[in-house]
Every structure is written in structure tokens, then in C-alpha cells.
Number of protein chains: 2
Amino acid sequence: MHNNIRKNIEAKLNQRLTAAEFEKLSGWFVPIQLENKVQFVNENQISRNLYFVDSGATHTFIIDKKGELHTVQFGFEGYWIGDMYSFFSGKPAIFNVETLEPTTLFAMNYVDFEKACKQITKFEMFFRILVQNGYLNSLQRIASTFSEDAEQRYLSLIKKQPDLLQRVPQYLVASYLGIKPQSLSRIRQKLVKKK
Amino acid sequence: MHNNIRKNIEAKLNQRLTAAEFEKLSGWFVPIQLENKVQFVNENQISRNLYFVDSGATHTFIIDKKGELHTVQFGFEGYWIGDMYSFFSGKPAIFNVETLEPTTLFAMNYVDFEKACKQITKFEMFFRILVQNGYLNSLQRIASTFSEDAEQRYLSLIKKQPDLLQRVPQYLVASYLGIKPQSLSRIRQKLVKKK
DNA sequence: ATTTTTCGTTCACATAGGTTAAGAACGTAT
DNA sequence: ATACGTTCTTAACCTATGTGAACGAAAAAT
């Protein structure tokens, strides 16, 4: 049941978990089944869970002062998601997370997370790597936002995740790229003509 | 000598270090004095150091394909800087870091960092908090880039760091905001007239 | 099956920010 | 004091993206 988590951790660590370690971890990850369009993390509400996406898709987003939605990140099979700020500080979340398909998650609460870090050094290492990678990715995303135009960002994105447009509505892809749906439509039209 | 580091760690942890812990840590942080305009982390070169800015100022930046500079972050007294990617992976850095004033740093190398994490749990906790905060800040910066125009971002920035323009050249502030120096000049002129 | 809502496209027009270029202000070296 | 390089400003023009609106297609609800 928890095999995808195991594979994911072992791949990032480049190291295997023992049967005992895996068994302990499994106990701390509770499966959750959600329908499409279910929001399970809410801005301004406390969310002391860390989630692993076993199957399905999610998006993490904020709503700005003008009421506009901005996608911070998508989450597919094998992604770790949630509101880290709330998870660690115990204060209300700053992001929202919602499913984009029927989705199976594994959730670990903060108390178990602390146990896991203490009892299983490999998990603590794994998690450190996870946060570091997330941090670096977001720094590079800032850099690319400033150095590339929307067309280039779009091309990089579909190169990196060719199935993205098949799985999430185009207006959310636009919100991830930092542009309006109409602009993404225009960019796509221009690219078709170029060929 | 290492008092600023101590204060910084204790403040973030909200917990004091014992004399023994502090003494150990002090031994691992090597002071470095640099002149203005010294680049001490280079893209494509390995940099397995973590730096604490004791006094002075730095900026972390990338150069894009068009040869243009983009500031990723500034570092002043009490900031922790360096190229985390290289620090952890041992691979070449993806960022550059340079002084903007005569600067005093404390450097910790990766081997000592690992010792510190193992021997001083508080340091390990502290560092985890540091990376998490960095990650969250960068996610929020992405959100603000998409939801605010350059004028609003400029106003938020000088509100948060009123002395920034006194300490770093305006073209670097522009590169941090993601605009050209001419555009920042135009925005500033417009703001003066508004008053 | 029909209606209603959501989503993607297209277009005309508006605007923020980029580009180029020139000159002013300032700092530093001579 | 003079000259040189660097930074900042200003202005005219250009371009990518935003805005608002209309339409058709697809999806969801009835």
C-alpha cells in the first residue's frame, strides 16, 4: 500500500529503507481518498499535515487582493505537498490546496513527523533534502520569471511536463506562468502558426 | 567575536545555547574579511561553505543567457548566505555571491556542518528553520511577482528595508525587483510627483 | 436531450515595462 | 583641478501582456 512512498524516499536518499524502518513509517502515513475539486488546505486555517500524492493531481494556490488566483505549484504522483508554514509553525496556512482529479494522498501529522525524524535518521535526511530542493526550485523559478518571457516559460514548462496540459485546465497553467488565460491562448496560437 | 551568530541562532530558535554548545560552534565558524566587490561564490565552481554575514553587505545573483544580471537575494548583517545547492550536493554552484561593501563573514564548511548537526541538536533544528523560512519567503516572492506590479513591489521593498537604497546601487535594486534601472527611475519619479 | 455553466479562442484597444540614446550627477584616479 | 568611468535620469518609441467583450465548444447539471 505504501510502496510509492518507499520508492520515493529511497530514490531521493539513494539508499534503501530497512523493513523495520518502512513498517514504522507506514504506520504514520494515513491514506486519504478525495474526489475532484476538494479543497483540503485552507488559507487562514491551521493545517499540520504533510501530504504525499500517491495518485491524482492537486494545485497549491493563493488568492490575491484583487481576488485573482495564482498557482504556486502543481502536485502529481510522487509529489510532497501541503502548507509548510502552517505545518511547522502551527499558525494558519498561507496557501490553499485543492484536488484537480480524484486523488489518493497519504497524510502525516506534525506529531508523527517529529517522531519519524527522531526515530528514523534517514527520514530526517530525506526531508531535509526535500525542503532544500523545493527552496532551490523556487529560487530558480524567480530567476526564470525575470529572465524569460511568458512564451519561453511556457515552452520550458511543457518540455519538463509534457502531460500538464492534458491534466490541468489551461487557465491554471496560465496562473502558474504568471499570465492571463487569454495571453496563454495567444501564445499557443502564435506557436502553431510558427510551425 | 562570534556573538552575532549566537544571538542570531538563539533568536530564531527562541532558546539559549549552553556555553559548551557555543564554544563548539565558534570553533567551526571561521572569520573572513573581504573588501568591497569581491566575488567569493562563483557559478560553476564548487562552494561547500555556509556563510553568516557579521557586518557588511552581499548580493547573490545569476547571469542569464543574454548576459543580464538578476539579484536573487541581498545579504546584510545577520543573514545566512551561500549557494545551498553546491553546499549540499558538492556539485558546482548555480549562483554567484559578491560583496557590496567591505564585509566580515563567518564561514562553515560542509564537513563541520555535518558535525555540528550531529553533535548539537539545536543547531540542526535552527538550520532546518532557516531553510524552511527561506523556502517560504521565495514562494511568497513568486506570488507577489505575479500579483503586484513593479511599483507595488518597490513600495513593499522599501517599507520592509528602508535603508536598502542607501546601501546598494539602484540598478541592483531594479534587478531584484525584476525590472530595468530606467524603469525603476521612472517609477521613483512618478512617486515623487504623486506627493 | 436540453439547458446552463465553464472553458478556450479571438479581437480591438490600453498600459506597464523594455529599448535606445543622450546628458547630468557623482565618484575616483590622475 | 581635471579627466574618466560609473550610475542615475529623462524622453521618445516599441512590444508583450492585460482588459473587456463576444462567441463557440465542451462539460456539467437538470
Side-chain angles (χ1 to χ4, degrees), chain A residues 35-39 57 59 61 64-71 74 98-102 142-158 164-195, chain B residues 35-37 57 59 61 64-71 74 98-102 142-158 164-195:
Chain A
E35 287 309 299
N36 188 8
K37 293 195 185 177
V38 177
Q39 187 172 340
H59 77 304
F61 60 97
D64 70 22
K65 301 133 213 161
K66 293 173 215 138
E68 274 162 10
L69 183 157
H70 302 275
T71 294
F74 294 109
E98 190 181 66
T99 57
L100 296 172
E101 296 173 5
I142 291 169
S144 86
T145 302
F146 289 160
S147 64
E148 297 175 355
D149 63 16
E151 181 178 326
Q152 290 174 299
R153 297 201 301 278
Y154 171 69
L155 288 171
S156 315
L157 184 64
I158 54 170
L164 192 68
L165 278 170
Q166 276 68 61
R167 294 189 69 178
V168 320
Q170 201 166 305
Y171 70 92
L172 286 183
V173 175
S175 83
Y176 178 84
L177 292 170
I179 56 177
K180 300 286 151 180
Q182 297 96 313
S183 299
L184 180 52
S185 209
R186 172 164 44 198
I187 287 167
R188 284 162 47 78
Q189 179 198 24
K190 202 181 123 201
L191 289 170
V192 170
K193 283 184 187 161
K194 265 192 188 172
K195 274 206 191 159
Chain B
E35 290 307 300
N36 188 7
K37 294 196 184 176
H59 76 305
F61 60 98
D64 70 22
K65 302 134 213 159
K66 293 175 214 138
E68 273 162 11
L69 184 157
H70 303 275
T71 294
F74 294 109
E98 190 183 66
T99 58
L100 296 171
E101 295 174 5
I142 291 170
S144 85
T145 301
F146 289 159
S147 64
E148 296 175 357
D149 63 17
E151 180 177 326
Q152 289 175 298
R153 297 201 301 277
Y154 170 69
L155 289 171
S156 314
L157 184 64
I158 56 171
L164 192 67
L165 278 170
Q166 277 67 61
R167 295 189 69 178
V168 319
Q170 200 167 304
Y171 69 92
L172 286 184
V173 175
S175 83
Y176 179 83
L177 292 170
I179 56 176
K180 301 284 151 180
Q182 297 94 313
S183 299
L184 180 51
S185 209
R186 172 164 45 196
I187 286 167
R188 283 161 48 78
Q189 178 198 26
K190 202 181 123 200
L191 288 170
V192 171
K193 283 185 184 159
K194 265 192 186 170
K195 272 205 190 158

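Computed from heavy atoms alone, side chains included, the values below leave out hydrogens, waters and symmetry copies.
In this structure, CD of A/Glu148 is placed 12 Å from P of D/dT17, rounded to the nearest angstrom. Taking atom CD1 on B/Ile187 and atom P on D/dT10, their separation rounds to 14 Å, with Å as the unit. In this structure, A/Tyr171 places its OH atom 20 Å from C1' of C/dT10, rounding to the nearest Å. Distance, A/Phe146 CZ to D/dA16 C1': 16 Å, rounded to whole Å. What separates CD of B/Gln152 from C1' of D/dG18 is a distance of 14 Å, to the nearest Å. One can place CG of A/Leu184 at 17 Å from P of C/dC11, the figure rounded to the nearest angstrom. Between the C1' atom of C/dG8 and the CG atom of A/Leu177 lies a distance of 16 Å, rounded to the nearest Å. Rounded to an integer number of Å, the gap from OH of B/Tyr154 to P of D/dC8 is 11 Å.
At least one side-chain heavy atom of A/Leu165 sits less than 4.5 Å from a side-chain heavy atom of A/Val173. A/Asp64 has its side chain out of reach of B/Phe146: every pair of non-hydrogen atoms, C-beta onward, lies at least 4.5 Å apart. Using a 4.5 Å cut-off on side-chain heavy atoms (C-beta onward), B/His59 and B/Leu69 make contact.
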Protein-proximity profile, nucleotides 19-30 of chain C, B/S/- by nucleotide at the 4.0 Å heavy-atom cutoff, equals SBB---------

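In the set C/dA16, D/dA11, C/dG8, the nucleotide with an atom closest to the side chain of B/Asp149 is C/dA16. Nearest nucleotide to the side chain of A/Gln189, out of C/dG8, D/dT10, C/dC11: C/dC11. Between C/dT10, C/dG18, C/dG8, one nucleotide has an atom nearer to the side chain of B/Ile179 than all others, and that is C/dG18.
Applying ring pair (Phe, Tyr, Trp, His ring centres under 6.0 Å) to A/Tyr176 and the options A/Phe74, A/Tyr171, A/Tyr154 leaves one that passes, A/Phe74.
Between A/Arg188 and C/dG8 there is no side-chain N or O to OP1 or OP2 distance below 4.0 Å.
Distance CZ/B/Phe61 to CG/B/Leu172: 9.0 Å, rounded to 0.5 Å. For the atom pair CG of A/Leu177 and CG of A/Asp149, the computed distance is 11.0 Å after rounding to the nearest 0.5 Å. The distance from the CG atom of B/Leu155 to the CD atom of B/Gln152 is 8.0 Å, given to the nearest 0.5 Å.
Summary for the helix from C/dA1-D/dT30 to C/dT30-D/dA1: the axes at its two ends, each from 5 pairs, differ by 50° when rounded to the nearest 10 degrees.
Residues B/His70 and A/Ser147 approach most closely at NE2-CB, 3.4 Å, considering heavy atoms. Across B/Ala174 and B/Leu184, no two heavy atoms sit closer than the pair N-CD2, 3.7 Å.
Looking at heavy-atom distances under 4.0 Å, A/Pro181 makes no contact with the nucleic acid at all.
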